[in-house]
Amino acid sequence: MKKLRRILIIVLTILFAFSSVYAQLTKEQKRAKRKASRKLLKEVVLSYKDTLYTEVLSLVDSLLIIDPHNADAFYFKCLALTKTNDTTSALNTIEEGISLIPLSSRLKVLASHIYINQNEPDKALVHLESILKIKPKEAETLYLSGLVYLQKADTAQALELFEKSLHYSLSGK
Amino acid sequence: MLYFRKIKFLIYTLFYLSLPAILAVPSVTAAFRYLQEGMKIPAVSGVDIVTGEKVSSESFIKDDNIVIIVFWANWSKRSIEELTALKEIASEFNNKPIKIIAVNVDNAELSKNQAKQIKQFILQLDIPFPTIIDKDLELFNSFGVIAVPSTVITDSSGIIKYGPAGYSLTTRDLIVDSLMVLLGLKDRADSLAIRDGYTPNFKSLRYYNLALNLRLKGLFKRALSNLETAQAADPDFPAPYNLRGEILILLDKAEDALLAYSIAIEKDSEFVAAQAGYGKALYLTGKTDKAIVQLKALLSKDDTFTPAIITLSKCYVLKNKLEEALLLLNNARELNHKSPVILYNLGKVHQRNQENVQAVQTYINALEILFPSK
């Protein structure tokens with residue numbers, strides 16, 4: 001019995017040691033991954049500001065390999081595709097991003113911008129209403145919702161939304 | 001403790017005895033919400049958009065220069081007139097210790113193309129002094145710029161002496177007049193716009209600046225606490241009372257704000273920002289008729305102070321004087337057509353007037369400034 005207990009203690013100690021090492025390695029890996037993502041993202045932003053959209057697209061693809069759920073990657077990829085007039089791919093990208101990261105209001109706002117420019121107000125409204133359910137005072141979302149209603153020829157509703165958006169944007173100024 | 005009290009009493013007595021030496025009633029420059037003549041100018045630094053060299057007001061002041069800071073924007077016709085006037089002034093006074101820094105406030109964020117356009121513009125105008133970009137409008141906010149162009153002039157120790165609002169036919173002459181006085185080429189200014197100010201003690205100014213930073217970050221309670229310290233350190237410094245009033249209004253305590261503003265005005269009867277704030281507090285506490293009288297009196301002396309214009313327009317709307325409100329706001333829009341606040345209020349008047357099409361367009365103009373297209 002004593003021997004069995006001793007063996008059990010040794011086995012548990014070894015298991016604990018291994019799991020600590022594994023956890024440490026995973027932590028290191030995650031840290032390295034985060035560092036690499038941040039570095040790549042910085043490059044993406046700089047390239048975007050320099051209007052080097054092809055470079056942005058290639059960097060973003062690398063970023064998505066390291067971090068497939070990076071909302072900023074989808075955001076800049078979509079922006080770069082719109083700048084290169086590839087609206088279909090831009091919309092596919094952003095919708096893919098939204099399906100992977102459904103809580104990202106930034107992606108939904110960008111999608112709404114594109115749908116409004118494409119004169120597809122109903123598709124924009126789906127995303128905008130999902131944001132307003134959680135954040136009813138989101139000024140930019142209210143503004144875009146106003147634009148949607150304007151496209152649907154509902155001036156009264158548009159007016160109300162614009163006024164709300166400005167009220168929330170400018171309170172405290 | 002008694003000894004400490006005696007020292008304090010002595011200092012205050014000496015201060016009050018030296019008051020007559022201060023030439024004129026202190027005033028706030030109407031172009032800036034948070035600055036007054038007599039205060040040390042906040043540091044202005046950046047990179048010259050044309051030469052790429054670092055520029056700093058502190059280094060100019062260190063070399064005993066008079067410093068002129070002008071806030072301007074590409075879209076403002078009057079800004080261009082002011083820059084041209086300052087170019088001529090720079091040439092006239094080229095062998096004098098005067099340094100000018102132009103601060104561009106076109107937008108909080110500028111793309112590379114936009115920055116390039118501004119650079120081209122400066123080169124076209126052949127502006128001889130440095131221009132920096134106000135990133136994130138930090139300086140714009142900390143100075144409390146009301147409208148563009150706005151100019152502030154300091155003496156050679158960095159103390160603000162003069163800050164004309166907007167650009168009128170007399171601005172050039174006022175600037176030259178003040179420079180002549182500051183350079184000792186003239187004993188007295190021809191214009192009453194130029195005044196010596198009240199220089200607060202260091203501790204008071206420090207806590208005031210801390211409070212201002214906190215206010216800009218929305219940390220109102222902490223800002224108020226710092227203002228109490230500023231007021232205690234120098235009870236005659238008007239700016240803390242004005243800022244206190246502003247914060248109390250933001251905390252929906254307009255009645256308390258009335259008291260704060262009235263103290264600021266008592267300390268400085270020419271304090272434009274405090275007078276406008278007092279008018280706003282009157283409006284918010286339902287004393288609309290008194291607010292109208294207060295604000296009209298203020299605007300008769302300085303018709304460029306847009307916060308006063310906006311409050312007066314709201315009073316007119318309340319009194320159903322929509323035409324007057326529209327006229328006021330359209331004039332304000334001329335001074336600053338990139339102000340979302342002015343456009344918002346203009347839109348509200350259109351809406352109230354059942355002019356929905358104009359209201360929608362005006363709101364969209366305001367929102368496009370706040371949320372530029374990506």
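Letters A, B, ... are given to chains in the order of the sequence lines, protein chains preceding strands, and every chain is numbered from 1.
Residues A/Ser169 and B/Phe371 are in side-chain contact: their nearest non-hydrogen atoms beyond the backbone lie under 4.5 Å apart. A/Leu166 has its side chain within reach of B/Leu370: a pair of non-hydrogen atoms, C-beta onward, lies under 4.5 Å apart.
Taking 4.5 Å as the heavy-atom cut-off, the residues of residues 146-163 of chain A that approach chain B are A/Leu147, A/Leu150, A/Thr155, A/Leu159, A/Phe162, A/Glu163, ordered by number. At a heavy-atom separation below 4.5 angstrom, chain A is approached by B/Asn356, B/Ala359, B/Val360, B/Tyr363, B/Ile364 within residues 352-364 of chain B.
With A/Leu170 as the partner, the side chain to side chain contact (heavy atoms under 4.5 Å, CB included) test is satisfied by one option alone out of B/Leu343, B/Asn345, B/Val341: B/Val341.
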